[in-house]
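All remarks here apply to the structure that follows.
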Amino acid sequence: MAHTASPPPTAGGLTATEHRLANGLRVVLSEDHQTPVAAVCLWYDVGSRHEVAGRTGLAHLFEHLMFQGSAQVKGNGHFELVQGAGGSLNGTTSFERTNYFETMPAHQLELALWLEADRMGSLLAALDEESMENQRDVVKNERRQRYDNVPYGTAFEKLTAMVYPEGHPYHHTPIGSMADLDAASLEDARDFFRTYYAPNNAVLAVVGDIDPERTLAWAEKYFGSIPSHEGKRPPRDGSLPEVIGEEVKQVLHEEVPSRAMMAAYRLPHDGTREADAADLALTVLGGGESSRLNTRLVRRDRTAVTAGFGMLRLAGAPSMGWLDVKASGDAEVADIERAVDEELARFAQEGPTPAEMERAQALLEREWLDRLATVGGRADELCRYAVLFGDPQLALTAVERVLQITADEVREVAAARLRPDNRAVLIYEPTQATAPDTAADVSEGATVSETGTAADNHDQEAAQ
């Protein structure tokens, strides 16, 4: 068998081994016999940052197309076979990756591996104009239902465009624009698949009640004959100045339930000590009911009904800190903004207290443990660190790095980044409703995979 293996480091009783097939596919295995289930997670190193102007949304569109059948599995067969075997499945798209995953009864693991290999190796045999049009309409309806026709639904998209300037690979969110979705051709989709959906651009993680030797043999059997592809175009440079340099603000008059202030700050790249410090800072300031902003705005001033701070970690560009405050009653946003700036300035001067540091580190540790506690969550984390940082073993020790951060580091990153001249701000002012909700229905017969794009990814990943 053509592969190389890395030694199995252990962290808290968890282990993982990495292997590489001759065609470049990286296979990460983590054995866990606590429950008779197995998770399969496949990450492709492609997201919206790989798209070009005029063809945004292709990565997300292709996530849907991957559920439309392949050479041996027609139509909705992937769903039907997995669910018929007692498993669950899904796929999501983000700025930096597209992933597909199944959790199966352990004795059905081979089925999941065969299904993923079949569509990696033969999706083009089934991709035609009919499936393209079907899923184009599904994605457009998804945009209407999750973004355009939802209160505050386009906030994440607007703030992203303000934090990452025109021409930057992260300027647009994974959902893409209506115009670009309409413009995408079948040949665009085929070229996208050939370029990015190759074994040497993917990581396969299998976690759970598995026999590692047999699982690796199945990976070789089903994936080993799929040819690699060397035509991948690397993403454009995502570097930017550490701070925006000025406050960028928009006031929006829309049909929303209440006034709101939303802001986005440029933060350090994921994978750095500074990013971990920033995550702790945002957790102290806006993570949960005991956070500083919730205590000040919701419990003391009573000018807000919610106040949260979270972090969208990004490896190929500055990460983003996301502030979300919904006003209470007739409270003025100007008063909220003034209170936010007071709290941020005080934090930049004083930093967190020992009790706040202990709480924030405990919260992030719990989130890490929650992710690794399930076979699906662990498989996803192993893929993430393999694709974005080159080493799946980092997933097993991530919390150790967070626990090593000092209060001084947290204060320093807050002072450097959580400043008015390093943020984009949206102010929402409600208007009188003028028409009923016109959210479109999903096309009948369409296969919809629940996607974690744009604001959905933010909600999943941020420590709010």
Side-chain angles (χ1 to χ4, degrees), residues 42 44 46-83 89-95 97-100 115-116 118-150 153-154 157 172-198 229 231 233 437-457:
L42 190 61
Y44 290 93
V46 58
S48 58
R49 68 170 174 164
H50 294 85
E51 297 164 350
V52 297
R55 290 297 182 270
T56 65
L58 265 178
H60 177 216
L61 175 61
F62 222 96
E63 174 217 317
H64 284 254
L65 290 172
M66 285 284 277
F67 288 94
Q68 281 289 282
S70 49
Q72 308 300 322
V73 182
K74 305 303 180 185
N76 293 336
H78 197 111
F79 278 97
E80 294 165 359
L81 287 167
V82 170
Q83 292 172 342
L89 72 161
N90 223 319
T92 71
T93 310
S94 78
F95 292 97
R97 59 97 182 105
T98 308
N99 67 344
Y100 303 90
L115 285 167
E116 288 294 356
D118 192 60
R119 61 181 175 183
M120 177 192 282
S122 68
L123 183 119
L124 289 184
L127 182 59
D128 56 21
E129 289 286 359
E130 181 180 359
S131 58
M132 180 80 173
E133 288 306 313
N134 181 301
Q135 293 308 302
R136 190 202 313 268
D137 288 343
V138 168
V139 173
K140 289 168 68 176
N141 278 317
E142 181 182 337
R143 180 181 173 88
R144 294 185 186 103
Q145 292 175 327
R146 295 190 175 191
Y147 294 76
D148 299 337
N149 294 338
V150 177
T154 59
E157 188 174 43
H172 68 279
T173 55
I175 193 68
S177 72
M178 286 290 197
D180 287 355
L181 288 169
D182 284 332
S185 68
L186 180 60
E187 190 50 43
D188 288 332
R190 286 173 172 163
D191 180 63
F192 195 88
F193 180 84
R194 295 187 194 100
T195 302
Y196 297 108
Y197 279 75
H229 181 75
R233 295 179 287 272
D437 185 10
T438 56
D441 292 331
V442 175
S443 303
E444 290 188 11
T447 299
V448 181
S449 63
E450 289 293 325
T451 56
T453 56
D456 301 302
N457 266 345

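Every value quoted in this text rests on a predicted model; they were computed, and no experiment measured them.
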| message | Do the side chains of D191 and R233 get close enough for a salt bridge, i.e. N-O under 4.0 angstrom? | response | yes
| field | Euclidean distance, Q72 CD relative to S122 OG, rounded to 0.5 Å | value | 6.5 Å
| query | Within the side chain of T98, is there an N or O that forms a donor-acceptor pair under 3.5 Å with the backbone of V46? | reply | yes
| message | Tell me whether R190 contacts the main-chain N or O of L127 through its side chain, where contact means a donor paired with an acceptor under 3.5 Å. | response | yes
| Nearest heavy-atom neighbours spanning Q68 and S131 | OE1-CB, 3.6 Å
| field | Closest approach of A184 to L58 (non-hydrogen atoms, all atoms of both residues) | value | CB-CD2, 4.2 Å
| query | Do H60 and R143 come close enough that some side-chain heavy atom pair is under 4.5 Å? | reply | no
| query | How long is the gap from NZ on K140 to CD1 on I175, to the nearest 0.5 Å? | reply | 12.0 Å
| said: Tell me whether S177 contacts the main-chain N or O of D180 through its side chain, where contact means a donor paired with an acceptor under 3.5 Å. | reply: yes
| Side chains of H78 and Y100 in contact at under 4.5 Å (non-hydrogen atoms) | no
| request: Indicate whether the side chain of T92 and that of R97 have a donor and an acceptor atom separated by less than 3.5 Å. | output: yes
| said: Taking the basic N atoms (NZ, or NE/NH1/NH2) and the acidic carboxylate oxygens, is any pair closer than 4.0 Å for R136 and E129? | reply: no
| message | Please report the interatomic distance CG(D148) to CE(M178), rounded to the nearest 0.5 Å. | response | 5.5 Å
| query | Considering all heavy atoms of both residues, which atom of D118 and which atom of A71 are nearest to each other, and what is their separation? | reply | OD2-N, 3.7 Å
| field | Rounded distance [0.5 Å steps], CG in L124 versus OH in Y197 | value | 11.5 Å
| said: Parallel, tilted or perpendicular, judged at 30° and 60°: which one describes the rings of F79 and F67? | reply: tilted
| query | When the ring planes of F192 and Y196 are compared, do they come out parallel, tilted or perpendicular, using 30° and 60° as the limits? | reply | tilted
| request: Walk me through it: do M132 and L61 pass the test side chain to side chain contact (heavy atoms under 4.5 Å, CB included)? | output: CA-CA 9 Å; M132 180 80 173; L61 175 61; 3.9 Å; yes
| Which pair of heavy atoms, one from L81 and one from L115, lies closest together, and at what distance? | CD1-CD2, 3.7 Å
| query | Counting only N and O atoms by type, is there a donor-acceptor contact under 3.5 Å from the side chain of H50 to the main-chain atoms of G47? | reply | yes
| field | Smallest separation among heavy atoms of R119 and F193, with atom names | value | O-CZ, 3.5 Å
| remark: So the salt bridge (charged side-chain N to carboxylate O under 4.0 Å, His left out) pairs with at least one residue in residues 50-61 (sequence neighbours excluded) are R55-D188
| request: Could you pull out the closest heavy-atom pair between A189 and F62, with the gap in Å? | output: O-CE1, 3.0 Å
| H64 NE2 to D137 CG distance, which is reported to the nearest 0.5 Å | 12.0 Å
| said: Counting only heavy atoms not in E130 (residues, nucleotides, ligands), do more than 12 fall under 6.0 Å from its CD? | reply: no
